[in-house]
Amino acid sequence: MKKIFIILALTLLAQAAWGTVPANTFSIVGYDPATGELGVAVASKYFAVGSVVPWAKADIGAIATQAWVNADYGIIGLELLEKGMTPAEVVDSLTKADTLSARRQLGIIDAKGRASSFTGAGCMTWAGGMTGKNCAAQGNILVSQDVVVKMIAAFENTKGELAAKLLAALIAGDAAGGDSRGKQSAALYVVKKEPGSRYDRKIDIRVDDNPEPFKELSRLYHIASALSHLEEAARLNQQGNLAGAVEEARLSVQAGPELPETYYDLACYLSLSGDTEEAMENIATALKMAPGYKSMAAGDSDLTGLRKIKKFQELIK
């Protein structure tokens, strides 16, 4: 079956009308062995680079397809990884079946941390890539090779979750000169398998058109990171772990003190746990920051424990 599938995939590649979307850019694919997360970070002087370059599937791999982009490199590449091929074998299969492979560039990593980077001979200089520990970085039309060198170093030396490592690598690439034409868009995409769910996106943020895409992507990542604690709080609460939900909501407030939803959700979990005093403090903060939440608070069953408190009644008027 595996052999048949590979032959079929290569036949489809050879016969396809190859896409030629020019996404000259720099990217990094990465893997975190501690969490199993896989992801891609990418930036370019190109509109909405995040719509074409990054591809990933939890427990399988992550792919960046760029230069003269062929989306099938992402789609079929993940299928081949899932069938057991190594990143190097996938690169070899995809490029051998492609008459325009000299114009392609891609990076691939699998769920074992094995990585491969390919740069066609026809990619515009500076063009190239390299692999590191649990990562691969590549780019074309760059200021110099130093861009990918600094990206690998930043990824390997940054502590924390995979998204933070990928973002640090992207920012390091920009600091080293990045795309020689300038900057316009960037994206960060991380997947992780969650028990009982087929949805695997943990981080999926994009800046499609901005004069400072790295600053904007960092701002969005800050928000996404804070709200990820609320997602975990909701999951824990659904599992009956209310104490865990409260702690995750506290972490969300700490990570995103400018976000009213962090205080609102913490108030809900505190109310459910019977801590009405602290719940009131947080709901007051949330409603002060976002008066539009008042009608929601008035009908939210999670805040039933606050209904008879006069101050709460005044807050929701």
Side-chain angles (χ1 to χ4, degrees), residues 35 37 39 158-168 171 187-192 194-197 199-207 210 212 214-317:
T35 63
E37 293 174 355
T158 298
K159 306 297 181 184
E161 65 177 4
L162 179 63
K165 293 166 72 69
L166 291 170
L167 181 59
I171 292 172
L188 179 60
Y189 186 33
V190 175
V191 296
K192 181 182 180 182
E194 294 293 346
S197 175
Y199 186 80
D200 65 0
R201 296 183 191 179
K202 181 179 179 181
I203 298 285
D204 185 7
I205 52 178
R206 286 171 35 185
V207 178
N210 192 295
E212 295 294 341
F214 301 95
K215 290 182 179 179
E216 180 62 7
L217 191 67
S218 296
R219 185 187 72 84
L220 294 177
Y221 171 64
H222 169 73
I223 295 173
S225 181
L227 296 183
S228 70
H229 290 293
L230 290 187
E231 294 174 2
E232 179 63 11
R235 187 184 70 82
L236 291 171
N237 185 49
Q238 290 172 359
Q239 293 177 348
N241 185 356
L242 184 54
V246 169
E247 290 309 307
E248 282 293 330
R250 289 191 196 281
L251 291 174
S252 184
V253 169
Q254 293 173 15
E258 76 283 12
L259 304 174
E261 55 265 55
T262 64
Y263 298 96
Y264 185 95
D265 282 17
L266 176 56
C268 288
Y269 295 125
L270 288 167
S271 175
L272 290 170
S273 67
D275 189 344
T276 57
E277 182 176 354
E278 191 178 355
M280 281 299 305
E281 292 175 3
N282 281 276
I283 196 63
T285 300
L287 298 184
K288 182 179 180 179
M289 295 173 69
Y293 285 14
K294 289 183 178 182
S295 60
M296 178 170 65
D300 196 331
S301 61
D302 289 345
L303 298 174
T304 299
L306 308 183
R307 297 261 186 266
K308 295 181 180 181
I309 298 176
K310 185 176 181 179
K311 184 179 178 181
F312 179 77
Q313 296 169 3
E314 293 173 350
L315 285 172
I316 61 176
K317 287 181 179 179

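Leu236 has its side chain within reach of Gln239: a pair of non-hydrogen atoms, C-beta onward, lies under 4.5 Å apart. The shortest side-chain heavy-atom distance between Tyr264 and Leu303 falls under the 4.5 Å cut-off.
For Lys294, the NZ atom sits in a packed shell: over 12 heavy atoms of surrounding residues, nucleotides or ligands are nearer than 6.0 Å.
In this structure a side-chain-to-backbone donor-acceptor pair under 3.5 Å is missing from Ser225 to Tyr221. Put simply, the side chain of Ser271 never gets that close to the backbone of Thr276: no donor and acceptor are under 3.5 Å apart. No donor-acceptor pair under 3.5 Å is formed between the side chain of Tyr293 and the backbone N or O of Lys288. At distances below 3.5 Å, at least one donor-acceptor pair connects side-chain atoms of His222 with backbone N or O atoms of Ala255. Here the side chain of Lys192 pairs no donor or acceptor atom with the backbone of Glu37 at under 3.5 angstrom.
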* To do: Take Met280 and Phe312 through the test side-chain contact (heavy atoms from CB on, under 4.5 Å) and record every step on the way to the result.
  => CA-CA 7 Å; Met280 281 299 305; Phe312 179 77; 3.7 Å; yes
* Report the C-alpha distance between Glu261 and Leu227 in whole Å, list the side-chain angles of each, state the deciding distance to 0.1 Å, and finish with yes or no for side-chain contact (heavy atoms from CB on, under 4.5 Å). => CA-CA 9 Å; Glu261 55 265 55; Leu227 296 183; 3.7 Å; yes
* Asked: Where do Arg219 and Ile205 land on the side-chain contact (heavy atoms from CB on, under 4.5 Å) test, with the steps shown first?
  -> CA-CA 10 Å; Arg219 185 187 72 84; Ile205 52 178; over 6 Å; no
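Ion pairing of Lys311 with Glu314 is absent here, as no side-chain N (NZ or NE/NH1/NH2) approaches a carboxylate O to less than 4.0 Å. For the pair Arg235 and Glu248, the salt-bridge criterion is not met [side-chain N within less than 4.0 Å of a carboxylate O].
Note: Ile316 CD1 to Arg307 CZ = 6.5 Å, rounded to the nearest 0.5 Å.
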